[in-house]
Colleague: 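Can you keep this structure in mind? I'll have questions shortly.
What you see is a predicted model; the values in this text were computed from it and never measured. So that the names make sense, note that chain A is the first sequence line, chain B the second, and so on, each numbered from 1. Basis for what follows: all heavy atoms, side chains included, without hydrogens, waters or symmetry-related copies.
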Protein chains: 2
Amino acid sequence: MAKKELFGLCPYVTSQKVLTGKWSLYILYILSQETLRFNELQRRMPEEMTHTTLSRQLKTLEEEGLIVRKEYAQIPPKVEYQLSEIGKKFKKVLDVLGEWGEEYICYLNSQKTDC
Amino acid sequence: MAKKELFGLCPYVTSQKVLTGKWSLYILYILSQETLRFNELQRRMPEEMTHTTLSRQLKTLEEEGLIVRKEYAQIPPKVEYQLSEIGKKFKKVLDVLGEWGEEYICYLNSQKTDC
DNA sequence: CCGGATCCCCGAAGATACTG
DNA sequence: CAGTATCTTCGGGGATCCGG
């Protein structure tokens, strides 16, 4: 197998691209819990993340097919974000990754003492 | 809960940092299969990745505690890389993520037809 | 064989201001 | 309310050369 074929073939290289966004995992986690409007979503994000960045990441995730943007034609505007079908399947990854993340945090905090 | 506390607390934000490396997932996957020397590892990576980048990523992953570098005092040098304890626990994530990645690739290829 | 040291480049993230 | 436009900054990745 030629090495170049790894792209578009290897699930890890492909998955990695989705996770490049600095906040993508957290956004997906929040949206896996509940469908949210833009401002609601922003309030649940860390302070350092500006709405500009959030807007961009949401757009990227939408283009990648992981989330769905539902826009209501009304004034004031109302837009809801939720996971798509393939995005919902990502929940399994979030579950396992969340567990590992806690173990990893525990490991970081101990470092030498057992945890 | 203050939002700033998310760092170091939230498993997703923490995990995300580990996965920022462009090839980290693939490296971890390769090393989850077998312990390898530097050049062996490089031969399994996509061509576009230079040894400089591989070296940096390995160093980062080592500093993060996910992999272990074992150096043998001999000429020519021999260095082996393998997963650490917390790195081995990451295998579960790789399994689930690999499955999802394949579904996602399938989704990307179909896009409109069912898969 | 296994890298480190440099330099460059580019894309992603942040800051700020404006809009339907 | 839910964004976009623009500018700047910053860090990671690639290329190249050097060393034990």
Side-chain angles (χ1 to χ4, degrees), chain A residues 3-4 6-7 12-13 15-28 30-31 34-64 66-82, chain B residues 3-4 6-7 12-13 15-28 30-31 34-64 66-82:
Chain A
K3 288 182 176 180
K4 28 185 76 168
L6 280 172
F7 293 97
Y12 300 103
V13 178
S15 301
Q16 184 97 62
K17 291 177 185 170
V18 174
L19 306 179
T20 51
K22 190 173 173 181
W23 310 98
S24 50
L25 270 179
Y26 196 63
I27 293 175
L28 290 173
I30 298 292
L31 289 181
E34 44 181 344
T35 297
L36 288 174
R37 302 176 61 172
F38 186 87
N39 276 0
E40 292 173 331
L41 188 48
Q42 186 182 5
R43 266 179 248 118
R44 282 164 177 77
M45 299 297 293
E47 300 175 333
E48 323 84 58
M49 182 189 209
T50 61
H51 66 117
T52 310
T53 305
L54 177 58
S55 177
R56 248 189 322 235
Q57 301 246 323
L58 286 171
K59 201 174 178 182
T60 303
L61 287 171
E62 189 195 0
E63 288 169 357
E64 292 170 337
L66 286 166
I67 64 176
V68 174
R69 194 186 109 111
K70 200 182 293 179
E71 188 171 356
Y72 297 87
Q74 63 181 49
I75 304 294
K78 178 180 177 182
V79 180
E80 282 183 345
Y81 292 92
Q82 56 182 288
Chain B
K3 287 184 178 180
K4 28 186 76 169
L6 279 172
F7 293 96
Y12 300 103
V13 177
S15 302
Q16 183 96 61
K17 291 176 185 170
V18 175
L19 305 178
T20 50
K22 190 172 173 181
W23 310 98
S24 50
L25 271 179
Y26 195 62
I27 293 175
L28 290 172
I30 298 292
L31 289 180
E34 43 181 346
T35 297
L36 287 173
R37 301 178 60 174
F38 186 87
N39 274 2
E40 293 171 333
L41 187 50
Q42 187 181 7
R43 266 179 248 118
R44 283 164 176 76
M45 299 296 294
E47 300 175 334
E48 323 84 56
M49 183 188 211
T50 62
H51 68 115
T52 310
T53 304
L54 178 57
S55 177
R56 250 189 323 233
Q57 302 247 319
L58 287 171
K59 199 174 178 182
T60 302
L61 288 171
E62 189 196 359
E63 288 169 356
E64 291 170 337
L66 286 166
I67 65 176
V68 174
R69 196 187 111 109
K70 201 183 294 182
E71 188 171 356
Y72 297 86
Q74 63 180 52
I75 304 295
K78 178 180 176 182
V79 181
E80 283 183 344
Y81 293 92
Q82 56 182 289

Colleague: What integer distance in Å separates A:Gln42:CD from C:dA13:C1'?
Modeller: 15 Å
Colleague: Pair A:Tyr12, B:Leu28 - check side chain to side chain contact (heavy atoms under 4.5 Å, CB included), show working.
Modeller: CA-CA 10 Å; A:Tyr12 300 103; B:Leu28 290 172; over 6 Å; no
Colleague: For A:Lys22 and B:Thr52, take the nucleotide of DNA chain C holding the closest heavy atom to each; which residue's nucleotide lies nearer the 5' end?
Modeller: B:Thr52
Colleague: Take atom NZ of A:Lys59 and atom P of C:dA12, then tell me their distance rounded to the nearest Å.
Modeller: 13 Å
Colleague: Separation of A:Lys70 atom NZ from D:dC1 atom P, in whole Å?
Modeller: 20 Å
Colleague: From CD of B:Glu47 over to P of D:dG14, roughly how many Å is that when rounded to an integer?
Modeller: 13 Å
Colleague: Which of the following nucleotides, D:dC1, C:dA13, D:dC17, is nearest to the side chain of A:Pro76?
Modeller: D:dC1
Colleague: Output yes when at least one side-chain N/O atom of A:Ser55 is less than 4.0 Å from OP1 or OP2 of D:dT4, else no.
Modeller: yes
Colleague: Have a look at B:Arg56 and say if it touches a base, only the backbone sugar-phosphate, or nothing, with a 4.0 Å heavy-atom cut-off.
Modeller: base
Colleague: Take atom CD1 of B:Ile75 and atom C1' of C:dC2, then tell me their distance rounded to the nearest Å.
Modeller: 11 Å
Colleague: Figure out the CG/C1' separation between B:Leu36 and C:dC2, and round it to whole Å.
Modeller: 14 Å
Colleague: Taking B:Thr60 for the side chain and B:Arg56 for the main chain, is one N or O donor matched with an acceptor at less than 3.5 Å?
Modeller: yes
Colleague: In this structure, how many angstroms lie between the P atom of D:dT4 and the CD atom of A:Glu71, rounded?
Modeller: 10 Å
Colleague: Looking only at side-chain N and O atoms, does A:Arg37 come under 4.0 Å of OP1 or OP2 in D:dC1?
Modeller: no
Colleague: Which nucleotide in the set D:dT16, D:dC1, D:dG14 lies at the smallest distance from any side-chain heavy atom of A:Pro77?
Modeller: D:dC1
Colleague: Quick check for you: among C:dA13, D:dC17, D:dC1, whose closest atom lies nearest to any side-chain atom of B:His51?
Modeller: D:dC17
Colleague: By the 4.0 Å heavy-atom rule, please label B:Tyr72 as base, sugar-phosphate, or nothing.
Modeller: nothing
Colleague: Return the value, rounded to whole Å, for the distance between atom OH of A:Tyr81 and atom P of D:dA2.
Modeller: 8 Å
Colleague: Do A:Glu48 and A:Lys22 meet the salt-bridge criterion of a basic N to acidic O distance under 4.0 Å?
Modeller: no
Colleague: Test A:Tyr26 against B:Gln16 for side chain to side chain contact (heavy atoms under 4.5 Å, CB included), laying out the working first.
Modeller: CA-CA 8 Å; A:Tyr26 196 63; B:Gln16 183 96 61; 5.7 Å; no
Colleague: Closest to the B:Thr50 side chain: D:dT4, D:dA15, D:dG20?
Modeller: D:dA15
Colleague: Taking NZ in B:Lys78 as the centre, count heavy atoms belonging to other residues, nucleotides or ligands within less than 6.0 Å. Is the count above 12?
Modeller: yes
Colleague: Once you apply a heavy-atom cut-off of 4.0 Å, does A:Gln57 come out as touching a base, just sugar-phosphate, or nothing?
Modeller: sugar-phosphate
